[in-house]
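Keep in mind it's a predicted model, so treat the numbers as computed, not measured.
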Amino acid sequence: MPELPEVEHVRRRLATWARRARIVSAATTDARIVRPLAPRTFVTRLEGRTIADIARRGKWIRCLLDDDQRLFIHLGMTGWIEREASADRSNPHAAAGHHLRFERARIVVARRGKESAIVYVDPRRWGRLVLAREDIPSWTTLGPDPLADGIDVSLLAGKLARRPRTSIKEALMDQKVLAGVGNIQAIEALWRARVDPRSRASAIDRTGVGAIARGLRWTIDRTLADLSRARPDGDPFLVYGHKGEPCPRCRTPLRRIELGGRTTTFCPGCQILKR
DNA sequence: ATTATTGTTGGTAG
DNA sequence: TCTACCAACAATAA
């Protein structure tokens, strides 16, 4: 599911459902996902609290509670959030206490007298629900968020210049460089900017960094727009997952390689390699 | 049966 | 302190 646009989408839905809501009850038995707290502690500390604010930075979501606790949510590779409106009789899954396949945690909230359940689902269990009394390092060490903060080209260029060994693609995916850029968004942005993903990060000139910044905005906005549609496309990507197909820009067949252990698709025809 | 998958994290080495 | 690399985590889908 989740890179910046998907997480922003989840944040918006969560805000719609749970902002200013009171937590009636919580349930989980998954010590892995709620670590370092024990499931019992996690649940007890949540109950009775009100959710004041729901923010996002990169791929992390932070729910601020009325007693200054914070619930940090990371969806990992396969996490997502659903809502069960307990009064909804048309939904067969909505019965109270019913649990979904791969449900890992459940938080029942009340707002204006109505209850609903916020359900965290995660088959692979790489996601996290971290309840803390202060901001956690994973949150505070994140670089600028392209959507919330915008991309400062000079700042980005400076960070890239300090990385002569890594590829531009791996550098973009470093959450300290920019928060929220993952494999797909990096692939799409570099294609848009006509930069070969294997280029050394430090070899990208000012113009190139500007093009990459615009490319990131372009792909993030596109993905977000697709998610907000009533019926999302499912594949709004032009390059990722399209190995062998003609480049949408120059018709050269797209190539797939591996970079830093991650699948990378690019166009050898119009993405320029800089070393 | 084999391979690939949208992400972090902790250890190690330099 | 910073960068770079790697294994680990887990469950599918093709």
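Of the side-chain N and O atoms in A:Arg101, one or more sit less than 4.0 angstrom from OP1 or OP2 of C:dT12. An OP1 or OP2 oxygen of B:dT8 is reached within less than 4.0 angstrom by no side-chain nitrogen or oxygen of A:Arg125. OP1 and OP2 of B:dT6 both lie 4.0 Å or more from every side-chain N or O belonging to A:Gln185. In terms of phosphate contacts, A:Ser138 brings a side-chain nitrogen or oxygen within less than 4.0 Å of OP1 or OP2 of B:dT9. A close approach under 4.0 Å does not occur between any side-chain nitrogen or oxygen of A:Thr263 and OP1 or OP2 of B:dA4. Proximity of A:Arg163 to the phosphate of C:dA4: a side-chain N or O atom is located under 4.0 Å from OP1 or OP2.
Using P as the reference atom, C:dA10 and B:dG10 are 15 Å apart when rounded to the nearest Å.
In this structure, A:Asp122 atom CG and B:dT5 atom C1' are separated by 14 Å, rounded to whole Å. In this structure, the CZ atom of A:Arg165 is 6 Å from the P atom of C:dC5, given to the nearest Å. Here B:dG7 presents its P atom at 15 Å from CD1 of A:Ile61, a figure rounded to the nearest Å. Rounded to an integer number of Å, the gap from CD of A:Glu3 to C1' of B:dT6 is 5 Å. The interatomic distance linking A:Arg32 (CZ) with B:dG7 (P) rounds to 16 Å, in whole Å. Look at CZ on A:Arg128: it is 13 Å from P on C:dA10, rounded to the nearest Å. In this structure, A:Leu172 atom CG and C:dT3 atom C1' are separated by 16 Å, rounded to whole Å. Residue A:Leu259 contributes atom CG, which lies 17 Å from atom C1' of B:dA4 at whole-angstrom precision.
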Practice task
Toss me the dot-bracket line for DNA chain C: Watson-Crick and G-U wobble, both under 3.5 Å, 5' to 3', using | for pairs to another strand and [ ] for crossers.
Solution key: .||||||||.||||
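Salt-bridge check for A:Asp196 with A:Arg194: failed, with every basic side-chain N at 4.0 Å or more from each acidic carboxylate O. The existence of a salt bridge linking A:Glu188 and A:Arg192 is excluded, since no basic side-chain nitrogen approaches an acidic carboxylate oxygen closer than 4.0 Å.
Hydrophobic cluster of A:Val108: the remaining members, joined at side-chain heavy-atom separations below 4.5 Å, are A:Val24, listed by chain and number.
Backbone-only engagement by A:Phe102 is indicated by non-hydrogen atom pairs under 4.0 Å involving sugar-phosphate atoms exclusively. Using a 4.0 Å heavy-atom criterion, one finds that A:Arg262 contacts the bases of the nucleic acid, with or without backbone contacts as well.
Considering only the side chain of A:Arg162, C:dT3 comes nearest among B:dA4, C:dT3, B:dG7.
A:Arg124 contributes no side-chain N or O that forms a donor-acceptor pair with the base of C:dT12 under 3.5 Å.
The aromatic ring of A:Trp126 sits over the base of B:dG7, with ring centres less than 5.5 Å apart and planes inclined by under 30°.
For the atom pair CD1 (A:Ile212) and CD1 (A:Ile168), the distance works out to 4.0 Å, reported to the nearest 0.5 Å. Note: A:Arg49 CZ to A:Ile107 CD1 = 13.0 Å, rounded to the nearest 0.5 Å.
Of the N and O atoms on the side chains of A:Arg206 and A:Ser154, at least one donor lies less than 3.5 Å from an acceptor on the other residue.
For residues 17-44 of chain A, the pairs satisfying side chain to side chain donor-acceptor pair (under 3.5 Å) are A:Asp30-A:Arg125, with sequence neighbours left out.
Note on A:Ile54: it clusters hydrophobically with A:Ile23, by side-chain heavy-atom contacts below 4.5 Å among ILVMFWY residues.
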